[in-house]
Amino acid sequence: MALRIVQYNNPVLRTKGEKVNAFDASLAVFANDMIESMHEAGGIGLAAQQVGRALQLCVVDLRESDAEFTWELDGAKPPMDLFMPLVMANPKITIVAGTPETVYEEGCLSFPKIRGDVTRPDAIVATFKDERGVPHVLKCDGLFSRCIQHEVDHLNGVLFIDRMDKKTRGGIEDAVKALAKETKAATKK
Ligand SMILES: [Zn+2]
């Protein structure tokens with residue numbers, strides 16, 4: 001069942017997620033609902049906060065993307081179809097030493113139609129557990145890495161607009177304010 005995606009500035013988007021402790025059937029159902037919601041919205045990543053729950057859980061699916069990137073999952077390079085959509089619980093990111101920073105125009109399902117350049121380090125190593133509680137180590141770069149960094153930010157209540165430089169942020173300020181106003185009006189109903 002697809003869930004409703006919450007928009008800026010719903011307070012849940014600013015709430016740090018609680019650690020996932022129970023890897024049970026209800027978690028699997030919730031993760032599946034998140035995947036369905038992400039696919040329905042045409043996104044490549046979705047965090048639990050974006051469907052109204054402050055939990056350290058996000059989903060990623062880059063199979064439709066034509067961007068170039070590399071990955072290594074648990075020391076191997078499995079084809080994407082074998083591990084995507086990817087469910088990541090309690091993810092932790094380490095930036096690979098010496099990796100360059102890259103700039104890319106990001107969007108976010110909680111900010112419809114708003115986009116802006118965000119600078120992030122390229123290569124990361126992410127540790128996480130899947131929906132069954134099995135731990136994994138994922139090394140990746142490019143859009144894969146960027147997507148995970150964006151989602152892990154969500155899990156900590158950080159949004160992509162916080163990562164934009166002043167000029168970029170200023171350029172979308174009116175749209176961001178209008179969205180916040182729209183969200184507030186909708187929650188009052
Ligand atoms: Zn987002």
Side-chain angles (χ1 to χ4, degrees), residues 2-20 30-65 67 69 84-93 95 101-122 124 126 128 131 138 140-165 168-184 186-187:
L3 307 163
R4 202 175 60 87
I5 293 176
V6 305
Q7 297 186 347
Y8 180 82
N9 195 14
N10 187 307
V12 72
L13 292 174
R14 289 301 189 184
T15 310
K16 188 178 159 79
E18 282 185 26
K19 202 174 164 191
V20 175
F30 181 55
N32 266 323
D33 287 348
M34 283 178 62
I35 289 166
E36 204 179 317
S37 314
M38 169 178 67
H39 285 156
E40 196 179 279
I44 57 172
L46 188 71
Q49 275 83 343
Q50 292 181 278
V51 289
R53 279 181 70 180
L55 198 62
Q56 294 285 325
L57 186 75
C58 62
V59 295
V60 170
D61 192 348
L62 287 150
R63 287 174 298 172
E64 298 287 311
S65 162
F69 49 83
M84 285 193 185
L86 181 62
V87 177
M88 306 177 83
N90 308 329
K92 290 272 175 289
I93 289 176
I95 295 159
E101 295 206 309
T102 61
V103 184
Y104 184 85
E105 193 187 66
E106 294 188 12
C108 178
L109 292 177
S110 295
F111 290 79
K113 288 178 257 167
I114 296 174
R115 302 187 68 85
D117 282 351
V118 179
T119 303
R120 298 186 190 269
D122 189 26
I124 59 165
F128 63 97
E131 66 275 27
L138 171 70
C140 61
D141 62 15
L143 189 62
F144 196 0
S145 159
R146 179 172 288 273
C147 180
I148 290 172
Q149 292 179 62
H150 178 116
E151 299 315 326
V152 171
D153 272 352
H154 272 300
L155 305 186
N156 293 308
V158 176
L159 299 170
F160 76 143
I161 55 170
D162 308 337
R163 301 254 184 217
M164 291 174 185
D165 65 28
T168 307
R169 183 69 181 79
I172 59 162
E173 179 62 15
D174 289 352
V176 169
K177 272 193 180 149
L179 176 61
K181 212 172 152 186
E182 192 186 293
T183 303
K184 204 173 177 185
T187 48

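Values below: every heavy atom of this structure, side chains too, minus hydrogens, waters and symmetry copies. Note that ligands are numbered from 1 as they come in the structure, with each ligand's atoms numbered from 1 the same way.
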Q: Name all residues meeting the side chain to side chain contact (heavy atoms under 4.5 Å, CB included) criterion together with A178; count only those two or more places apart in sequence or in a different chain, and write none if there are none.
A: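 Testing A178 for side chain to side chain contact (heavy atoms under 4.5 Å, CB included), a comparison that skips the adjacent residues, returns none.
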
Q) Can we say R163 and D117 salt-bridge, meaning some charged N sits less than 4.0 Å from an Asp/Glu carboxylate O? A)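 Salt bridge between R163 and D117, a charged N being under 4.0 Å from a carboxylate O: no.
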
Q: May I ask you to say whether R115 pairs ionically with E106, meaning some side-chain N is under 4.0 Å from a carboxylate O?
A: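 Result for this pair is no, no salt bridge flagged.
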
**Q.** Counterpart residues, salt bridge (charged side-chain N to carboxylate O under 4.0 Å, His left out), relative to K184 (two or more places apart)
**A.**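 K184 satisfies salt bridge (charged side-chain N to carboxylate O under 4.0 Å, His left out) with no other residue.
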
Q: Kindly confirm or rule out a cation-pi arrangement of R53 over F30, judged by NZ or CZ under 6.0 Å from the six-membered ring centre and within 45° of its axis?
A: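 Flagged: R53 positioned over aromatic ring of F30.
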
Q. What protein N/O/S atoms sit under 2.8 Å from the Zn ion (ligand 1), by chain and number?
A.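 Only C108 SG, H150 NE2, H154 NE2 fall inside 2.8 Å of the Zn ion (ligand 1).
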
Q) Can you list the residues that meet the side-chain hydrogen bond (donor to acceptor under 3.5 Å, both in side chains) rule with N156, with sequence neighbours excluded? A)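 By the side-chain hydrogen bond (donor to acceptor under 3.5 Å, both in side chains) rule, N156 matches K16.
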
